[in-house]
Amino acid sequence: MKKTYRVKSDKDFQTIFSQGTSVANRKFVVYYFKKNQSHYRAGLSVSKKLGNAVTRNSIKRKIRHVLLEFSPHLQPYDFVIIARKGVEELDYHEVKKNLLHVLKIANLYQEGLTSEKKL
């Protein structure tokens, strides 16, 4: 994922948490906030409670890959994805299914969108 598609600064994270809206399912929580921009920006949060650095990085890689796959269908919002306990045991397809579910609840994923974006 390119840097322009990432939420990195603490200020941006705090804005999304304080002014944004949240939705959740059993495996993920998503906070999202509308900004005037042409594409989405995503931040990831994986707690140390989920495992060691190797495990946490594996979870983040899976989430990034799912977002890359969903990118043509994502709304131009800033959002933060928080992984909950149990994500570390999921394979890629289960992560994809759970993430799609929570993104659809938040109305961040729209089937009809097909703007071609190169990441």
Side-chain angles (χ1 to χ4, degrees):
M1 215 168 24
K2 287 185 181 177
K3 286 186 180 183
T4 58
Y5 290 88
R6 295 182 188 173
V7 175
K8 293 293 269 181
S9 73
D10 185 54
K11 180 182 168 193
D12 289 340
F13 272 92
Q14 294 310 318
T15 301
I16 295 167
F17 288 136
S18 64
Q19 298 177 15
T21 310
S22 68
V23 294
N25 63 9
R26 291 181 182 265
K27 302 299 180 187
F28 295 103
V29 179
V30 175
Y31 285 85
Y32 59 98
F33 180 68
K34 178 72 171 166
K35 279 187 98 174
N36 292 329
Q37 58 197 14
S38 61
H39 57 82
Y40 73 92
R41 290 191 321 150
L44 304 178
S45 176
V46 181
S47 171
K48 287 186 177 180
K49 293 178 183 178
L50 296 184
N52 62 14
V54 174
T55 304
R56 293 192 311 269
N57 285 331
S58 173
I59 293 167
K60 287 187 275 190
R61 276 195 309 273
K62 288 175 188 173
I63 294 171
R64 276 192 216 106
H65 193 274
V66 169
L67 290 176
L68 185 64
E69 195 172 325
F70 290 166
S71 65
H73 304 285
L74 292 175
Q75 297 287 335
Y77 281 73
D78 282 357
F79 55 90
V80 176
I81 298 171
I82 301 172
R84 286 183 160 176
K85 190 77 175 150
V87 173
E88 68 276 9
E89 298 159 1
L90 301 179
D91 67 4
Y92 172 76
H93 298 290
E94 291 169 327
V95 168
K96 182 178 175 181
K97 184 177 109 181
N98 282 289
L99 199 52
L100 178 63
H101 175 254
V102 77
L103 290 173
K104 281 186 175 180
I105 292 172
N107 290 322
L108 295 174
Y109 182 89
Q110 299 278 321
E111 289 285 343
L113 291 179
T114 55
S115 61
E116 289 298 317
K117 297 175 184 171
K118 289 281 186 183
L119 299 179

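Predicted model, so just to flag it, every value in this text is computed and none were measured. Each residue takes its place number in the sequence, starting with 1.
Atom CD1 of I81 sits about 12.5 Å away from atom CD1 of I59, to the nearest 0.5 Å. In this structure, CG in D78 is found 4.5 Å from CD in Q37, a value given to the nearest 0.5 Å. Note that OG of S71 is 10.0 Å distant from OH of Y109, once rounded to the nearest 0.5 Å. For the atom pair NE2 (H65) and NZ (K96), the distance works out to 9.0 Å, reported to the nearest 0.5 Å. Atom NZ of K34 and atom CD of Q19 lie 15.0 Å apart (nearest 0.5 Å). Residue F70 holds its CZ atom at 11.5 Å from CD1 of I63, rounded to the nearest 0.5 Å.
Using cut-offs of 30° and 60° for the angle between ring planes, the Y77 and Y32 rings count as perpendicular. The aromatic rings of Y5 and Y40 sit tilted, their planes meeting at an angle between 30° and 60°.
The nearest pair of heavy atoms linking P76 to S38 is CB-C, 4.1 Å. Taking every heavy atom of both residues into account, I105 and A24 meet most closely at CD1-O, 4.4 Å. Between E89 and E94, the shortest heavy-atom contact is O-OE1, 4.4 Å. A83 approaches F28 most closely through the heavy-atom pair CA-CD2, 4.0 Å. Nearest heavy-atom pair across L50 and E88 is CD2-OE1, 3.4 Å. When all heavy atoms are compared, the tightest approach of R56 to V46 is CD-O, 3.6 Å.
In this structure, the side-chain hydrogen bond (donor to acceptor under 3.5 Å, both in side chains) partners of S9, at least two apart in sequence or on a different chain, are D12. For N98, there are no side-chain hydrogen bond (donor to acceptor under 3.5 Å, both in side chains) partners, not counting sequence neighbours. Taking K27 as the reference, nothing meets the side-chain hydrogen bond (donor to acceptor under 3.5 Å, both in side chains) condition, with sequence neighbours excluded. Taking the side-chain contact (heavy atoms from CB on, under 4.5 Å) definition, one finds that R64 meets it with M1, L44, K60, R61, sequence neighbours left out. Checked against side-chain contact (heavy atoms from CB on, under 4.5 Å), N107 has the following partners two or more places apart in sequence or in another chain: Q110. Residues that satisfy the side-chain hydrogen bond (donor to acceptor under 3.5 Å, both in side chains) test with T55, not counting sequence neighbours, are N52.
Side-chain atoms of S58 do not come within 3.5 Å of backbone N or O of V54 as any donor-acceptor pair. In this structure, R84 contributes its side chain and N25 its backbone to a donor-acceptor pair below 3.5 Å.
At a threshold of 4.5 Å between non-hydrogen side-chain atoms, the residues L90 and K97 do not count as touching.
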>> Could you go through F33 and V80, starting from their C-alpha distance and side-chain angles, then the distance that decides it, and tell me whether this counts as side-chain contact (heavy atoms from CB on, under 4.5 Å)?
In response: CA-CA 9 Å; F33 180 68; V80 176; over 6 Å; no
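No path of Ile, Leu, Val, Met, Phe, Trp and Tyr side chains, each step under 4.5 Å between heavy atoms, connects V29 with V102, placing them in separate hydrophobic clusters. Note on L100: it does not cluster hydrophobically with Y31, by side-chain heavy-atom contacts below 4.5 Å among ILVMFWY residues. Residues I82 and F13 share a hydrophobic cluster, clusters being chains of Ile/Leu/Val/Met/Phe/Trp/Tyr side chains in contact below 4.5 Å.
By the neighbour-count criterion of 12 heavy atoms within 6.0 Å, atom CZ of R6 is densely surrounded, having more than that number from other residues, nucleotides or ligands.
The only option from V7, I16, L74 that meets the side chain to side chain contact (heavy atoms under 4.5 Å, CB included) definition with F79 turns out to be L74.
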